[in-house]
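Everything on this sheet refers to the single structure shown next.
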Protein chains: 2
Amino acid sequence: MQDPCQAREVLGIVGDKWALLIVRMLKDGPLRFTELKRAIDGISQRMLTVTLRDLERDGILTRTVRNVMPPHVSYELTTMGRTLREATAPLLEWSITHLPHIDAARAAYDHR
Amino acid sequence: MQDPCQAREVLGIVGDKWALLIVRMLKDGPLRFTELKRAIDGISQRMLTVTLRDLERDGILTRTVRNVMPPHVSYELTTMGRTLREATAPLLEWSITHLPHIDAARAAYDHR
DNA sequence: CCGTATCCACCTTGATACTG
DNA sequence: CAGTATCAAGGTGGATACGG
């Protein structure tokens, strides 16, 4: 098995509270700031901005400004961003099939 | 596309700073508390305890106490824990192949 | 519309000391 | 050996107000 330290670094991206949710929202094409804000329930304007900036910095997505009135900024996955999204697909699958088990396990544990 | 809310819940596990590292360490069989502590560089005794408790509660691993002197507690993945570990494998793969790209993207971004 | 700036409450976490 | 208890520091993130 490979170097655990690499896993550490990736957790910095994947472990982020919002990052994977944003990546997922963009899987079908670019979205604008406000569209993302509406789509991701509970995210604050600040955290959306910060997280988008981080993902742009990491080369996961691109930020494109159209200078019209009103301003128009769209975010789109890069090639690398799309591969990340594919790599997280099994995990999403897993979550959907196992969350009931987890909830059950928690209930059983807490029952004692 | 499935319910994003489920992804949210899983991030509670996966997004944890230490959880996935522990799951990975256990992939080849049970380990004891001290062995885990040694293996996972930088984790404090407190966080190891807390994270193990959470994972046990979620049904990801089991905690087994052997009442000998000195005390002997071993942790082992459950069946569900092993499937989680398999689901995260592609993500680990991705991290290993793409971390150089990410570092490069960051350097380029910061250069401006 | 798409941010940035500031403030602050909260949570997480490490350090340290102590126990069966 | 394998924890628990306590505390304090730092980071995280929400609310709010403002700017291009």
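As a basis for the values below, the full set of heavy atoms in this structure was taken, side chains included, without hydrogen atoms, waters or symmetry mates. So you know, we letter chains A, B, ... as the sequences are listed, proteins then strands, and number each from 1.
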Q.
Does anything in residues 48-103 of chain A form a ring pair (Phe, Tyr, Trp, His ring centres under 6.0 Å)? List the pairs, not counting sequence neighbours.
A. Trp94(A)-His98(A), His98(A)-His101(A)
Please table the atom pairs, donor to acceptor, closer than 3.5 Å between any side-chain atom in residues 35-46 of chain A and protein atoms at least two apart or in another chain.
unit_1, atom_1, unit_2, atom_2, d
Glu35(A), OE1, Arg32(A), N, 2.7
Lys37(A), NZ, Ile43(A), O, 3.2
Ser44(A), OG, Met47(A), N, 3.2

How close do [X] and [Y] get, counting heavy atoms only, and between which atoms?
X	Y	result
Pro90(A)	Ala87(B)	CB-O, 3.7 Å
Ile96(A)	Pro100(A)	O-CD, 3.9 Å
Leu92(A)	Arg24(A)	CD2-NE, 3.4 Å
Asp16(B)	Thr51(B)	OD1-CG2, 3.8 Å

Q.
When you measure from the side chain of Thr83(B) to the backbone of Met80(B), do you find a donor-acceptor pair of N or O atoms at a distance under 3.5 Å?
A. yes
(Q) Between Thr78(A) (side chain only) and Gly81(A) (backbone N and O only), is there a donor and an acceptor less than 3.5 Å apart? (A) yes
How long is the line joining [atom1] of [X] and [atom2] of [N], in whole Å?
X	N	atom1	atom2	value
Leu48(A)	dA5(C)	CG	P	17 Å
Glu35(A)	dG3(C)	CD	P	13 Å
Leu52(A)	dT4(C)	CG	C1'	14 Å

Q) Near DNA chain C, under 4.0 Å by heavy atom, which residues of residues 105-112 of chain A? A) none
Q: Would you list the pairs meeting salt bridge (Lys or Arg N to Asp or Glu O under 4.0 Å) in which at least one residue belongs to residues 53-81 of chain B, sequence neighbours left out?
A: Arg106(A)-Asp58(B), Asp110(A)-Arg57(B)
**Q.** DNA chain D: 5'-most and 3'-most nucleotides touching chain B, 4.0 angstrom heavy-atom criterion
**A.** dC1(D) to dT6(D)
Q | Close side-chain approach of Ile22(A) to Leu52(A), heavy-atom, < 4.5 Å | A | yes
Q) Contact class for Arg66(A) (heavy atom, under 4.0 Å): base, sugar-phosphate, or nothing? A) nothing
Q.
Applying a 4.0 Å non-hydrogen cut-off, can you work out what Arg53(B) is touching in the nucleic acid: base, sugar-phosphate, or nothing?
A. sugar-phosphate
Q. Taking only residues two or more places apart in sequence or in another chain, which ones pass side-chain contact (heavy atoms from CB on, under 4.5 Å) with Ala105(B)?
A. none
Q. How would nucleotides 13-20 of chain C be written as a contact map, 5' to 3', with B for base contact, S for sugar-phosphate-only contact and - for no contact, using protein heavy atoms under 4.0 Å?
A. BBB----B
